[in-house]
Amino acid sequence: MASKQITERITHLDPQKDCQEIMFLLTCHVFPWDIERALEFALFRTYAIPAISSLIVKTGEFQKRPRKRYDDTQLILAEITENGYDSDRGKQALNRMNQMHGRFPISNDDFLYVLSTLIYEPIRWIDKYGWRSLTRNEQLACFYFYREMGHRMHIRDIPESYDEFEQFNRNYEQQNFVLASSNPVIAKVTVNLFLSFYLPRLFWSLGKPLLYAAIDNHLLEVLDLPSPPKFLRESITGLLKLRGKFAGWLQEPSKPILLTARKRPTYPQGYKLEELGTFTHAKRSN
């Protein structure tokens, strides 16, 4: 197996004190592909919460400009992960996020749930499809990183422990995953958006079952999306696991893979942090 110098470096870092560095190394060196995919599929889980999906439908932003809304969200999170929340750009990104969220009536519990998906969905994806699972210290670093980010987003009552927050995540899904008319509206827009990254529109109908095969059946039900045949789900799972094994034989990239450096059709001339996100007017609920 190829040398894993970055992974070895992480073993000498403290999960709480060095959580920003560990998150950067995991996201930009060790698991860049896996973490990006996991956060993409995490979006579908948030759409299963009617309070969230109905708000997105109401604003109309995502339906009108899905690629821009996706890029804006990814770039704001990437600025914080790549630069750290204490950096000038990290602080600007957090400020832009807080300005944007402050205009919408989002409950504190919904904020908590979305924050939890940023922690646990990448961990679960890597455990299932990665070339190795995250160590306990790496898992804790993810928790500490996003817990601190949550504090800076003024989210209240964030659980103090990794296990407690994970239990909140599972309980919230069990209690709040409900089929609503707004769920499939946003889910289908997102499916088309992700397919557009890889396929011409002509082939989207062929690609949809492949994408659905990476989403669990219960989530598909509450999103009102069709379940793929069992053989297709097993095939996609097998291919993703095979891809993970292959990645384990590759050298970790010595240069960081930065989402902020990626060329995007949304911003052909580059972007400014203060221009990311939405600028509509609403109020945040207590």
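Values reported hereafter were calculated over all heavy atoms of this structure, with side chains retained and with hydrogens, waters and symmetry mates removed.
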Side chains of residues 179-191: which donor-acceptor pairs under 3.5 Å do they make with residues two or more places apart or in other chains?
| unit_1 | atom_1 | unit_2 | atom_2 | d |
| --- | --- | --- | --- | --- |
| S182 | OG | S53 | OG | 2.7 |
| S182 | OG | S54 | N | 3.3 |
| N183 | OD1 | S53 | OG | 2.6 |
| N183 | ND2 | V178 | O | 2.8 |
| N183 | ND2 | V222 | O | 2.9 |
| T190 | OG1 | Y47 | OH | 3.0 |
| T190 | OG1 | I186 | O | 2.9 |

Would you be so kind as to tabulate the donor-acceptor pairs closer than 3.5 Å made by side chains of residues 234-242, with sequence neighbours excluded?
| unit_1 | atom_1 | unit_2 | atom_2 | d |
| --- | --- | --- | --- | --- |
| S235 | OG | F231 | O | 2.7 |
| T237 | OG1 | R233 | O | 2.9 |

Exercise. Can you list the residues that meet the side-chain hydrogen bond (donor to acceptor under 3.5 Å, both in side chains) rule with Y85, with sequence neighbours excluded?
Worked result: none
For this session: Keeping to residues at least two apart or across chains, list the salt bridge (Lys or Arg N to Asp or Glu O under 4.0 Å) pairs with something in residues 107-123.
Result: R45-E121, E121-R124
For this session: Using the test ring pair (Phe, Tyr, Trp, His ring centres under 6.0 Å), find all partners of Y113 that sit at least two apart in sequence or belong to another chain.
Result: Y172
Exercise. Of all residues at least two apart in sequence or in a different chain, which pass the side-chain hydrogen bond (donor to acceptor under 3.5 Å, both in side chains) check with R132?
Worked result: T7, E138
For this session: Just jot down the side-chain hydrogen bond (donor to acceptor under 3.5 Å, both in side chains) partners of T46, sequence neighbours excluded, or say none.
Result: none
Problem set entry | Any residue meeting ring pair (Phe, Tyr, Trp, His ring centres under 6.0 Å) with F143, in chain and number order, not counting sequence neighbours | none
For this session: With sequence neighbours excluded, give me every salt bridge (Lys or Arg N to Asp or Glu O under 4.0 Å) pair touching residues 11-24.
Result: R9-E21
For this session: Please list, chain by chain and in numerical order, all residues satisfying side-chain contact (heavy atoms from CB on, under 4.5 Å) with R262, sequence neighbours excluded.
Result: E36, Q74, L259, R264
For this session: Just grab all the salt bridge (Lys or Arg N to Asp or Glu O under 4.0 Å) pairs involving residues 195-204, residues at least two apart or on different chains.
Result: none
Seminar exercise, completed: The side-chain hydrogen bond (donor to acceptor under 3.5 Å, both in side chains) partners of N171 (sequence neighbours excluded) come to Q167
